[in-house]
Amino acid sequence: MASPSLLITGATGLIGFKVLLNALQDGWTVRAAVRSASKADFLAKHPKIVALGATDKLSFVEVPDICEEKAYEEAVKDVTHIIHVASPIPSPFLDPLTGIYEPNVKSAKAMLQAAIKSASLKKLVITSSVYGNSPVPPDLTRTIDADTRIPDVPGPYDSMVPAYWASKIAVTNATDLFIKNNNPSFDVNLVYPGWVFGNDDRALSVKDFLSSTNFVLLGIMTGRHDPEPRPAGVVHVSDAAKLHMLALEDDAPRNIGAAIPHVFDEAWDMVTKHFPKEVESGALTKGSQPTVPILWDPSKTESHFNFTFRSWEDIVLSAVGQYIELLGNEPKA
């Protein structure tokens, strides 16, 4: 195997797995950072990876603790490009500070510190979030894009959304400060995805499918009523992954927005239109998810890359279609 040229973190996640597939399809020799040998085995044997016939271009490095200060020093050795996707999925079952805020911030800082010690690195791409550019509380009169900056939001954080929101703002600001203070020899690009939904290439079962942010979208059509409003801004997983790959280009803008405006509960009308049989049978039932309107403007991304984002309806149909397919494959009780 040729020496790996691209390090990808978070490759077992929704975005990261799609980035990994894209990178292998594009001919990159990839080193995937994983937390355990079992995660490496999952990727190496996954049908989508095997079908590419590119296992000779994929190797692994274990990073058990992404919060550790020197977590990535071994992983970054000799690569020329990095896509750092690894980040905990916000969950009500995690402690807001130690399970969400700290892992996001510490992992990004650990990657930056490892990168600055690399003599081979040309490009570092970091996954942030639309939360990283969005005011707290939301300002409904202000248009937001990838170049918007928000002051750090101090704790304490009483739930997952404030913690995740604050962590992504902190990562954005810490990265800007790192660039200012260190003037690195490599380029640093930040990608700001909205809520990432759509067909999950990892998923071989309903359980797999619901292990990602898709569980938020599926709540709207599986009878879950979430009282906590969530900010607007959404992107299809394929679009998010594609923009991470485009960020590797030499002339890519430092800040890349990856979100379009949306309203969560409009998804139910789309479902009743396109999946009437599943609605009638009770396989899909109406839930609700309140939306906090945020005026996200993706036009800079669209203009620079000549890029067209998939619509909210396309995203919904992609995710629900795969869910219905996987549901049909489940063993009958």
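Values below: all heavy atoms of this structure, side chains included; hydrogens, waters and symmetry mates excluded. Only a predicted model underlies this, so the values are computations on that prediction, with no experimental measurement involved.
- Of the candidates I49, V19, T55, I49 is the only one forming a side-chain contact (heavy atoms from CB on, under 4.5 Å) with L24.
- Put simply, the side chain of T143 never gets that close to the backbone of L295: no donor and acceptor are under 3.5 Å apart.
- For F275, the ring pair (Phe, Tyr, Trp, His ring centres under 6.0 Å) criterion is met by no residue, not counting sequence neighbours.
- Not a single donor-acceptor pair under 3.5 Å links the side chain of D26 to the backbone N or O of W28.
- Under 4.0 Å is where a charged nitrogen must lie from a carboxylate oxygen, and between K117 and E73 at least one such pair does.
- In this structure, the side chain of N214 engages the main chain of G198 through a donor-acceptor pair within 3.5 Å.
- Screening L218, V216, L217 for a side-chain contact (heavy atoms from CB on, under 4.5 Å) with I220, the sole residue that qualifies is L217.
- Side chain of S134 to backbone of V130: a donor-acceptor contact under 3.5 angstrom is found.
- Heavy atoms of other residues, nucleotides or ligands lying less than 6.0 angstrom from CG of D251 number more than 12.
- Of the possible donor and acceptor atoms, one in the side chain of T175 sits under 3.5 Å from a partner among the backbone N and O of V171.
- Counting only N and O atoms by type, the side chains of E313 and H274 include a donor and acceptor under 3.5 Å apart.
- Defined by atom type and a distance below 3.5 Å, a donor-acceptor pair is missing between the side-chain atoms of R224 and S288.
- Taking the six-membered ring where tryptophan is involved, the planes of Y164 and Y131 are perpendicular, since the angle between them exceeds 60° and thus also 30°.
- Of the possible polar contacts, one joining the N173 side chain to the I150 backbone as a donor-acceptor pair under 3.5 Å is found.
- Remark: the backbone N or O of N104 is not paired with any side-chain donor or acceptor of S87 at under 3.5 angstrom.
- With 3.5 Å as the limit, one finds a donor-acceptor pair spanning the side chains of N199 and H236.
- For K18, the salt bridge (Lys or Arg N to Asp or Glu O under 4.0 Å) partners at least two apart in sequence or on another chain are D201.
- Between V79 and S5, the closest heavy-atom pair is CB-O, 3.7 Å.
- Ring pair H84/Y72: centre-to-centre distance below 6.0 Å.
- A donor and an acceptor atom, one from each side chain of S38 and D41, are nowhere located under 3.5 Å apart.
- Taking each heavy atom of L58 and A32 in turn, the nearest pair found is CD1-CB, 4.2 Å.
- Here the closest heavy-atom approach between residue R31 and residue A75 is recorded as NH1-O, 2.6 Å.
- Note on F215 and Y323: same hydrophobic cluster, where clusters join Ile, Leu, Val, Met, Phe, Trp and Tyr whose side-chain heavy atoms are under 4.5 Å apart, directly or indirectly.
- Atom CD1 of I324 sits about 9.5 Å away from atom CE of M221, to the nearest 0.5 Å.
- Within 6.0 Å of the CZ atom in R254, the count of heavy atoms belonging to other residues, nucleotides or ligands does not exceed 12.
- Every residue was checked against the salt bridge (Lys or Arg N to Asp or Glu O under 4.0 Å) condition with D208, not counting sequence neighbours, and none meets it.
- If you check the side chains of N189 and K123, you find a donor sitting under 3.5 Å from an acceptor.
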- Query: Can you check side chain to side chain donor-acceptor pair (under 3.5 Å) on T272 and D269, steps first, answer last?
  - Reply: CA-CA 5 Å; T272 59; D269 293 333; 4.8 Å; no

